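Everything quoted here is computed from the prediction, not taken from an experiment. Chain letters run A, B, ... following the sequence lines, proteins first and then strands; every chain starts at 1.
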Protein chains: 2
Amino acid sequence: MDSINIKKLAKELGISTSTVSRAFRGNSDINKETKERILKRASELSYQPNHHASNLREQKSKTIAVVVPELANNFFAQAIKGIEQVSREKGYHVLILATEDDYSKEVSFISHLHNGKADGVIMSVSGEANDHTYLNRFSQKKIPLVFFDRVYEDIDTAKVTTNDYDSSYAATEHLIKRGCKKIAYLVVNKSLSIGKTRMLGYEDALKRHKVAIDDQLIIDCSNDHKKNYKLLKEAFHTLKPDGVFASVERLAFATYYVCQDEGIRIPNDMKVISFSSLEIAPLLNPSLTTITQPAFEMGIRAAKLLFKSLEQGPTAHVNEHVILNSRIFRRDSSADKI
Amino acid sequence: MDSINIKKLAKELGISTSTVSRAFRGNSDINKETKERILKRASELSYQPNHHASNLREQKSKTIAVVVPELANNFFAQAIKGIEQVSREKGYHVLILATEDDYSKEVSFISHLHNGKADGVIMSVSGEANDHTYLNRFSQKKIPLVFFDRVYEDIDTAKVTTNDYDSSYAATEHLIKRGCKKIAYLVVNKSLSIGKTRMLGYEDALKRHKVAIDDQLIIDCSNDHKKNYKLLKEAFHTLKPDGVFASVERLAFATYYVCQDEGIRIPNDMKVISFSSLEIAPLLNPSLTTITQPAFEMGIRAAKLLFKSLEQGPTAHVNEHVILNSRIFRRDSSADKI
DNA sequence: TTGTATGCGTTATCAT
DNA sequence: ATGATAACGCATACAA
């Protein structure tokens, strides 16, 4: 081994390893000059305390894991940015884990976090399954967990979500007021909390305005673009909806592709509104009316909840539920006509 | 401590820690039944070998770090997906670090990787600075480094890029053939390798077709959307280009926003082509002609190069340069007219 | 203020 | 096939 470590550095400087160690820890008493001398030489030799040795000794990793369904999505990218900002301030690292909406990966990730790799977890679930018991094992380990956006309702832990019911109600009402009579609701997994809550807002808005609920118009899609395309093409032809409320961004895109190919004019023939964090929604053809969640802020709040739990120690149990408001941006896709 | 570790598990089973350890390592000799008995009990107690202890003992982290300028970008999201796929196959974790195009963060990240957190690094540089010497210190540590897409040319290491010169030449030629006489080149940092290479392709295509090069039409932008918007608005008014070649996606967006607000019609008044990995380029208004890089494949190749280096050991030096081809998708933004 | 000694949880070596 | 033990690099309790 030709690499540097605390012993060699100590020997070089003619002092003990404890003193060197102290120079790198904020707390301990140490002579200021000694400290400077140590840090200077350490920097020259590009010495840094070994991460694994420190973590082993201190029994913590100063790392939080963030589990999300996907990375190629503005919502999650922004949320992660928020999480990273808070974590950095606290001196923590962020380990990002993307499940690609694969439940088995989610379980695998979480299971492998038991071994000290992370001190806490922030997660937006993939939601493809019903068995969440693996998370109970998790909480036994006293590793705090915070859900954001896509949560498992049956797990009692801290959560950060948006006012999904209200904004879905408002979105549906928006379409109704623009004259839509047959509004389709596009969802990826209607059994998942978020799809369910948003559907409830949709249904209640219909009821309130005495528009009949047609189960056929609730279209259960997948994460596979081609399948969705087929499904929607078929549905649009047979059901001829005059409005579409997409509970996730990708379904709005699928809708646009189908309409483009099938000559369905948005908004003249069909109006569209969608949950979306896309920054270029105004540049789409036509510009897309969106319900936009405060993704960055959600990341910040989730991280703060996690650190609150971390700071309170293993005895406490933080299970606050923070609810932030989304905002509707009205654009051409739901305009009267163009 | 009420948590489980190898000693407790060993005592429980009435065997030694060595045997338990062997049950978790693929290699060592161990009785099949003993192994099963250990793994069964371990699973019940949800024991897993401590990550930090293992890493300390083995002097490696089984982790590769990926440093990218940003996350909210399809190109990087897809590249990371490729990197993760290869890494998973090799049993490695991926630590994602986003610099937010901040050079100081880049240096900080890399510097803090000296301490064993990662066995190797894959990086797309922020490129805001000229001093890359901090990376030399890095190579002394024998931690292999692979660049992808945005590279520092003066650092001798493995690289994965695309045929930027050729595709830029082709992109420019495409605009010329569609009748553009005053083609602006939008770049974020023209001193960075990638901006430079792409500019070269642009300039050579102009020369080849005897179109005068006007330095004013080479517009050096930033990562700040508002500043870019102002800059481009000003430039479009004074210079009145009839074509725009954006070297990065976000500048195409800025261009669209300016044109939308200023009533400049794309493609009738001005044609646009841009490097972009955006999946919904066909849905823009008008649909955007793109030069699209094989992001996922680039990630895979970069990871493969890194593992090649990792497997060859610290003596070897892998400095292959893999060049993949981008593809041009012609859409309405560069059409004759609409 | 600094040094000595111990242990964090694991794995490899060596012995049995 | 299994067990005892040392060592990985560091941080702290305790001693000086």
* **Shortest side-chain distance from A:Leu56, nucleotide among C:dT4, C:dC8, D:dC8** => C:dC8

* Distance in angstrom units between A:Asn55 CG and C:dG7 P, rounded -> 21 Å

* To do: Report the residues that fulfil ring-ring contact (aromatic ring centres under 6.0 Å, His included) with A:Tyr47, sequence neighbours left out, ordered by chain and then residue number.
  => A:Phe24

* Separation of atom NZ in A:Lys62 from atom C1' in D:dA11, rounded to whole Å -> 14 Å

* Separation of A:Lys7 atom NZ from D:dA11 atom P, in whole Å? -> 14 Å

* To do: Tell me which of A:Ile15 and B:Phe24 sits closer to the 5' end of DNA chain C, going by the nucleotide each one is nearest to.
  => A:Ile15

* To do: Could I get the full list of ring-ring contact (aromatic ring centres under 6.0 Å, His included) partners for B:Phe76, not counting sequence neighbours?
  => none

* Over how many whole Å does the gap from A:Ile38 atom CD1 to C:dT1 atom C1' extend? -> 11 Å

* To do: May I ask you to evaluate whether A:Ser16 reaches the phosphate of C:dT4, defined as a side-chain N or O under 4.0 Å from OP1 or OP2?
  => no

* Could you tell me the separation between the CD atom of B:Glu36 and the P atom of D:dA1, rounded to a whole number of Å? => 14 Å

* Just by distance, with hydrogens left out, do B:His51 and A:Asn55 show a side-chain donor and acceptor under 3.5 Å apart? -> no

* Could you give me the CA-CA distance, side-chain angles and deciding distance for A:Lys40 and A:Glu36, then say whether salt bridge (Lys or Arg N to Asp or Glu O under 4.0 Å) is met? => CA-CA 6 Å; A:Lys40 180 163 173 291; A:Glu36 279 168 8; over 6 Å; no

* Between C1' of D:dT2 and CD1 of B:Ile30, the distance in whole Å -> 9 Å

Listing, residues 299-312 of chain A side-chain donor-acceptor contacts under 3.5 Å, not counting sequence neighbours, or none:
{"from": "A:Lys308", "atom 1": "NZ", "to": "A:Glu320", "atom 2": "OE2", "distance (Å)": "2.2"}
{"from": "A:Glu311", "atom 1": "OE2", "to": "A:Lys90", "atom 2": "NZ", "distance (Å)": "3.0"}

* **OP1 or OP2 of C:dT1 under 4.0 Å from side-chain N/O of A:Lys35** => no

* Contacts of type side chain to side chain contact (heavy atoms under 4.5 Å, CB included), residue A:Glu153, not counting sequence neighbours -> A:Val151, A:Ser193, A:Lys196, A:Thr197

* Are A:Leu97 and A:Val68 close enough that some pair of their side-chain heavy atoms sits under 4.5 Å apart? -> no

* To do: Would you indicate, yes or no, if C:dG9 has its OP1 or OP2 atom less than 4.0 angstrom from a side-chain nitrogen or oxygen of B:Asn5?
  => yes

* Structure fact -> Residues pairing under side chain to side chain donor-acceptor pair (under 3.5 Å) where one sits in residues 71-85 of chain B, two or more places apart or in two chains, turn out to be B:Glu70-B:Asn73, B:Asn74-B:Gln78

Pairs: protein N or O with nucleotides 12-15 of chain C N or O, under 3.5 Å:
{"from": "C:dA12", "atom 1": "O4'", "to": "B:Arg57", "atom 2": "NH2", "distance (Å)": "2.8"}

* To do: Look at the side-chain N and O atoms of A:Gln59 and state whether any lies under 4.0 Å from the OP1 or OP2 oxygen of C:dG9.
  => yes

* To do: Select base, sugar-phosphate, or nothing to describe what A:Tyr47 touches, counting heavy atoms under 4.0 Å on all strands.
  => sugar-phosphate

* Select base, sugar-phosphate, or nothing to describe what B:Ile6 touches, counting heavy atoms under 4.0 Å on all strands. => base

* Protein-nucleotide distance (A:His52, atom NE2; C:dG7, atom P), rounded to Å -> 24 Å

* Structure fact -> Whole-Å distance, A:Asn50 CG to C:dG9 P, equals 17 Å

* Structure fact -> Out of D:dG9, D:dA11, D:dT2, minimum distance to the side chain of A:Ser54 belongs to D:dA11

* Asked: Using a cut-off of 4.0 Å on non-hydrogen atoms, how would the nucleic acid contact of A:Asp29 be classed: base, sugar-phosphate, or nothing?
  -> base

